[in-house]
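In what follows, chains are A, B, ... by sequence order, proteins preceding strands, each numbered from 1.
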Amino acid sequence: MEKRVVFNNRVLPYLLLTPQLAVTLVFFIWPAVQALKQSVLLEDPFGLSSQFVWFDNFIALAEDPLYLESLYITAFFSGAVALLALTSALYLAIQADRVIRGATLYKTMLIWPYAIAPAVAGILWLLLFNPTMGLLPYALGAMGYTWNHYTNGGQAQFLVILAAAWRQVSYNFIFFLAGLQAIPKSLIEAAAIDGAGPARRFWTVVFPLLAPTTFFLIVINIIYAFFDTFGVIHAITQGGPAGATNILVYKVFNDGFIGLDLGGSAAQSVVLMVIVIALTVIQFRYIERRVHY
Amino acid sequence: MVENRPWLTWLTHAVLVIGVLVVAFPIYVTFVASTHALFDLVQVPMPLWPGDKFVDNYLQALTAGLGEGSGTQAIGAARMLFNSLVMALGIAVGKIAISIIAAFAIVYFRFPFRMTAFWLIFITLMLPVEVRILPTYKVVADLGLLDTYAGLIVPLIASATATFMFRQVFLAIPDELTEAARIDGAGPMRFFFDIVLPLSRTNIAALFVILFIYGWNQYLWPLIITTDQSMLTIIIAIQRMLAVGDDQAEWQIVMATAMLAMLPPVVVVVTMQRLFVKGLTGTEK
């Protein structure tokens, strides 16, 4: 879509675009190009000498069992966060769409965790699950189950998934509720007159109409789990124990800033870049479809 | 609801109440923890009712939450709340300002390289900090912006989503208004300030709410570019307070700081809920 009526000025549009483009070039494009460049170089940690090594850094990554494990952990983590956050949000949104009394209050009470930073959400759950003083390990202990996410990798994964999903539920809830409220009531009433019960109405009428929202949210949730959960991991487990929660984004940070492996970290950055580009393309292609839906 | 089934209504309310409780429980426990002395807190099980150390803990968190280290002075959450506020406001205002003029240029002018500019802005969507973390750090270090507010704010203010949102808003402004303005002899900037800005007011407000929360909750970026204790944001400070090695972390102070860190964005979301939902569903779609 384009404007028919425009202004004529040779200089002004460039002036208006300058701030945005300057920030984009200096802090986005240039560093990204540097990352691409470094990913094919072998550099010593002090940056004194470097050598062109073609795709050796990527080959090293592909052969690194730690990286492959991190890739697997990230896939599992994102899948679990998205599944948990989406299903619980959808369930709550269906209930909230149904109530008449107190709907606004429930909505407010369910929305606000979105305002809490992922790292702070991590700290809250860390307190609840602290092996020595937390309430839940105490309750679990009373049932004969020992909780210590500092030594048990599976428990650590469970904890970061829970903390990451907890915050995302509000976001999904807002979108599901908006999606549900946009479904014409006449469709549901027509299905009811035809004798469809609540479950059948949900699966044959509501859920298909909600599919665009669901698909959009799946992409957004995966992006969230990939990138925005850095704070959760850094605050709760720091990638441990023994790399059980070392997701890709955390590994890039750890290898680059703490391990000072510049080439390897840059190669990991490039892999992440490819993942974001793929996700963004999916997201935008889908939005294109949604407009014509 | 189509059928009238009272038990189903009760069930619905029960599910929602449980949902609300699950969502609120961690916050409640945090609040309780922030009102006890450490000694009471490490008792097993930890207390479930607020204690009497509310004033003491919050005072300590505000004035000296991050204790003295080697060569560093004790520093309180008050300073970090201020840092976070500067960062959040800077990011929100900066993003809106540069995006709205960029969108104005793209929608209301025809000029060479217009689509190039559009695509350059679009690319930023695909380059979150996480994928270019080391080189960006190096650029900021070379510019001498480590441990400064400019370093915290400027690298984050490029925004494709905000630019696209304003583009949508501008495309919906009727052409007749532009024609009328031009007939009346208004230049582009006059038109921008007198017509475009007032018409985009609600969108700006909605975007501001979202971006304030985005800025306040930043984590990776402030983590890597601030080393000076007095430049930490509140979110980073909490993590710093917990990383005490083998010492017993002062959980009551950490939790008081966490409450303080949550308060501003939560107040913003709850009081401006309508704008928040509008901003969220408007920018992401």
Spacing of [atom1] belonging to [X] relative to [atom2] belonging to [Y], to within rounding of 0.5 Å:
X: B:L220; Y: A:D228; atom1: CG; atom2: CG; value: 10.0 Å
X: A:I277; Y: B:L125; atom1: CD1; atom2: CG; value: 11.0 Å
X: B:K95; Y: A:Q20; atom1: NZ; atom2: CD; value: 9.0 Å
X: B:M126; Y: A:M273; atom1: CE; atom2: CE; value: 12.0 Å
X: B:I101; Y: A:L15; atom1: CD1; atom2: CG; value: 9.0 Å
X: B:I213; Y: A:Y114; atom1: CD1; atom2: OH; value: 7.0 Å

Proximity breakdown for [X] and chain A, heavy-atom pairs closer than 4.5 Å:
X: B:I123; result: side chain
X: B:L143; result: side chain
X: B:V139; result: side chain
X: B:P128; result: side chain
X: B:F212; result: neither
X: B:I234; result: neither
X: B:F31; result: neither
X: B:S99; result: both

Contacting region of [X] [heavy-atom separation from chain B under 4.5 Å]:
X: A:F226; value: neither
X: A:V169; value: neither
X: A:L127; value: both
X: A:W125; value: side chain
X: A:K37; value: neither
X: A:L21; value: side chain
X: A:L92; value: both
X: A:T24; value: both
X: A:Q268; value: neither

Main-chain N/O of [Y] paired to [X] side chain as donor or acceptor, under 3.5 Å:
X: B:R182; Y: A:V6; answer: yes
X: B:N217; Y: A:A115; answer: yes
X: B:R132; Y: A:F27; answer: yes

task: Determine, for B:F111 and A:R10, whether the Lys NZ or Arg CZ falls below 6.0 Å from the six-membered ring centre while staying within 45 degrees of the axis.
output: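 No.
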[X] vs [Y] side-chain heavy atoms within contact, under 4.5 Å:
X: B:F276; Y: A:I174; result: yes
X: B:V277; Y: A:I111; result: yes
X: B:H13; Y: A:Y106; result: yes
X: B:M189; Y: A:L12; result: yes
X: B:T178; Y: A:F7; result: yes
X: A:M109; Y: B:L16; result: no

task: Using a cut-off of under 4.5 Å on heavy-atom pairs, state which of B:G19, B:A258, B:P112, B:A24 scores highest against chain A.
output: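 Most pairs with chain A among the choices: B:P112.
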Heavy atoms from other residues, nucleotides or ligands near CZ of B:R190 exceed 12 (cutoff 6.0 Å):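 For B:R190, atom CZ is not crowded (no more than 12 foreign heavy atoms under 6.0 Å).
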query: Looking at A:W166 and B:V23, what are the two nearest heavy atoms and their distance?
result: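 The answer is CZ2-O, 3.1 Å.
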message: If you apply the rule side-chain contact (heavy atoms from CB on, under 4.5 Å), what do you find for B:I121 with A:L17, and how did you get there?
response: CA-CA 10 Å; B:I121 296 170; A:L17 276 168; 4.2 Å; yes
query: Any chance the rings of B:F113 and A:Y14 have centres within less than 6.0 Å?
result: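 Ring centroids of B:F113 and A:Y14 are no less than 6.0 Å from each other.
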message: I'd like to know whether A:F227 forms a side-chain contact (heavy atoms from CB on, under 4.5 Å) with B:V131, so could you lay out the CA-CA distance, the side-chain angles of the two residues, the decisive distance to 0.1 Å, and finally the verdict.
response: CA-CA 9 Å; A:F227 295 101; B:V131 311; 3.9 Å; yes
